[in-house]
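Remarks on the structure that follows.
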Protein chains: 2
Amino acid sequence: MSVNLKKLAEMLGLSQTTVSRALNGYPEVNAETRQRVLSAVRETGYRPNRAAQRLATGRAGSIGLVMPIAQGIDSDVHFGEFLAGLGEEAVRHDFHFVLNPSAPEDEEQTFKRLAASGNVDALFLAYVRANDPRIAMLKSLSIPFVVHGRTIDQATDYPFLDIDNTGAFYEATRLLIQLGHRRIGLINGHGHLTFAIRRKKGMVRALDENGLAFDEALSHNSLMTDEYGYRAMERFLANPEPPTAVLCSSTVMALGAVRAINRANLTIGKDISIIAHDDVLPMLKPENFMVPLTTTRSSLRAAGARVASRLISRISQPSDAVEQELWRTELIVRASTGPAPGRK
Amino acid sequence: MSVNLKKLAEMLGLSQTTVSRALNGYPEVNAETRQRVLSAVRETGYRPNRAAQRLATGRAGSIGLVMPIAQGIDSDVHFGEFLAGLGEEAVRHDFHFVLNPSAPEDEEQTFKRLAASGNVDALFLAYVRANDPRIAMLKSLSIPFVVHGRTIDQATDYPFLDIDNTGAFYEATRLLIQLGHRRIGLINGHGHLTFAIRRKKGMVRALDENGLAFDEALSHNSLMTDEYGYRAMERFLANPEPPTAVLCSSTVMALGAVRAINRANLTIGKDISIIAHDDVLPMLKPENFMVPLTTTRSSLRAAGARVASRLISRISQPSDAVEQELWRTELIVRASTGPAPGRK
DNA sequence: CGCACAATTCAAAGCGCTTTGAAACGGTAA
DNA sequence: TTACCGTTTCAAAGCGCTTTGAATTGTGCG
């Protein structure tokens, strides 16, 4: 059995109160006493029991997140990358996560349970859908939270961090149109997720402004993996009027799309242009593609770190301010975009 | 403020004891009483406070893991995939994780803290090194743990789950040799990690048996990303005597290697053969490569699920049995391997 | 010399739950 | 009737910590 406060106090001939205060940096403790306590801690390897601490203070030093997972559901690299960002920041404040795996259909329940459990000080929500009931629920929970992304049809009167998805794909599409492209495909994430909806919106807007129509036959929605990227592109290329350019919602999907293009013996940047959204995944850099990829960029990891930081500061100094951030993305032109074929 | 046991008991005109027992399925509670309690719980939305529960029982319902992360350290897809496996299993038992981010150099400390905190019932260790001090530490901690991987120079008298890395790369190398390859490169993970060491060992053994020598100039160790795969392959190809075949420790690295090969205008499976270890990452399937990849396969996610399952059963029924599992890998031949050039 | 006051320290209550040991109750055997 | 028993319920202790309110000591000053 390891040492606890009581024993430690006995050993030192002090009361638990004093020892506790010495450890938690209260000013009313004699400097010398504090030193004695600290060195005793070092000798015995004493660590406060977090559960007890939590019960006593009500604070947990942890951030709760729901991890969407179930048998048969593929893991998402993007989730991992975001987590890395959260972690990077949390480690600096000695916070940890309570990762609650949950089947997607139980998520709402899981959130409730997590909040009520007293296990976490704050919650974090991702994979936002257009009209997401989980947000109303979070608001009712009286525990700080930050949403990554934001709803569409609903009032956005809650703290969030989102990137300007509409703007990103608007700019990207505009660039393609300027380059003379008229038929542009879209390989997107799941259609019920708001980032996907907004990206499409941005694209549609740019098309509209130029008198072009969005062609549903050149549109794909799915989990963002290499494989779906490949299949989507393959399908596009089989179209009687194949696109001369394609927008991809992730470099992971772009990977598959590129493969399909190569297999069709087309040249990227010449026969067909491609722009992908780059979440800055370390394992897959756009500049390292055979033909370096033009991208709209925004670091997912940085977003994670920022969310963690906001959550943590919100915990230490509760406030009702509804912080909202909308990050711009960068449009970085590399070799995968070029003038539409038969033009120049 | 939400309902707690005391209030609930008052409302029902029962003692806390009875309510608690009713909820935890003790037999000595009148069936009717139990029903009353359960419906009251439903109405009030009562959730037991986990911290209190934990303090009282000493059990936490959670698995602790240390997430190696820090600013400037890239996240690892493989970690995410393993986590997905852990999650898949944990969700079925209503367990959750305490994810403690930690800078790699603090990991030992973090483990200690985690164990002492009372926050977790079990620990999990990955990224094992040849002679890993963390294992001795875990053993001294008197908390169940499972290691993913296993040490090399140390006695392996602790519970682990590992795959037969040596065997995997031994077989793979043998296949290449049978196909006539004499110069084989190795693109591996970090050199201090045991899986990398063992894979190299397997390769060396097969070479040895055929009178071939391992050439350090055709060997690369690093984090397993696309980019390093590319650079390594590029370097190999610049060698005065480039390899005719290459072994990759991950499909992610293979991705880069393939790119380098393409860029050099060589044909995979003809000019150069490639075999990669496949962790079954959903975002990157070997059969979807331009030239489908021959692989040694073992699902990282399945390993995660298995580790979780063992950890959980170990928690519910403590035992001293030291379970050890060594999973065989499958060698799956696809189009990326062919006879050595100038032979056949 | 005695009192007010700051500096330290302490005992005890309380956080919300589980669990031990005892009590209450009706029924049954003696 | 009394003793005994199984069933069901309860009061109270305790998990390890924080925090409140009081006690103790030392100091400066009138």
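All values reported here derive from a predicted model rather than from experimental measurement. Chain letters run A, B, ... following the sequence lines, proteins first, then strands; residues in each count from 1.
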*Assess whether one donor atom and one acceptor atom, taken from the side chain of A:Thr17 and the base of D:dT19, lie less than 3.5 Å apart.*
yes

*For the pair made of NZ in A:Lys7 and C1' in D:dG16, what is the distance, rounded to whole Å?*
11 Å

*What is the distance from CD of A:Glu28 to C1' of D:dT25, rounded to the nearest Å?*
16 Å

*Measure centre to centre between the rings of A:Phe82 and A:Phe124, then say whether the value is under 6.0 Å.*
yes

*Is the shortest side-chain N/O distance from B:Tyr26 to OP1 or OP2 of C:dT19 below 4.0 Å?*
yes

_N or O in side chain of B:Gln53 less than 4.0 angstrom from C:dT18 OP1/OP2_ = yes

*Earlier contact from the 5' end, DNA chain D, for B:Leu55 and B:Ser15*: B:Ser15

_d(NZ, A:Lys6; C1', C:dA11) in whole Å_ = 13 Å

*Closest to side chain of A:Leu5, choosing from D:dG16, C:dT9, D:dT18*: D:dT18

*Between A:Arg54 and B:Ala51, what is the shortest heavy-atom contact and its length?*
CD-CB, 3.3 Å

*Find which nucleotide of DNA chain C each of B:Arg21 and B:Ala52 is nearest to by heavy atoms, and output the residue with the more 5' nucleotide.*
B:Ala52

*According to a strict under-4.0 Å criterion, is A:Asn24 in side-chain N/O contact with OP1 or OP2 of D:dT18?*
yes

*Would one find a side-chain N or O of B:Tyr46 under 4.0 angstrom from OP1 or OP2 of C:dG16?*
no

*Selection from D:dT18, D:dC17, C:dT18 that lies nearest to any side-chain heavy atom of B:Thr57*: C:dT18

_Can you measure A:Asn49 atom CG to D:dG14 atom P for me and round it to whole angstrom units?_
18 Å

*Would you kindly compare A:Pro27 and A:Gln16 by the position of their nearest DNA chain C nucleotide and give the one closer to the 5′ end?*
A:Pro27

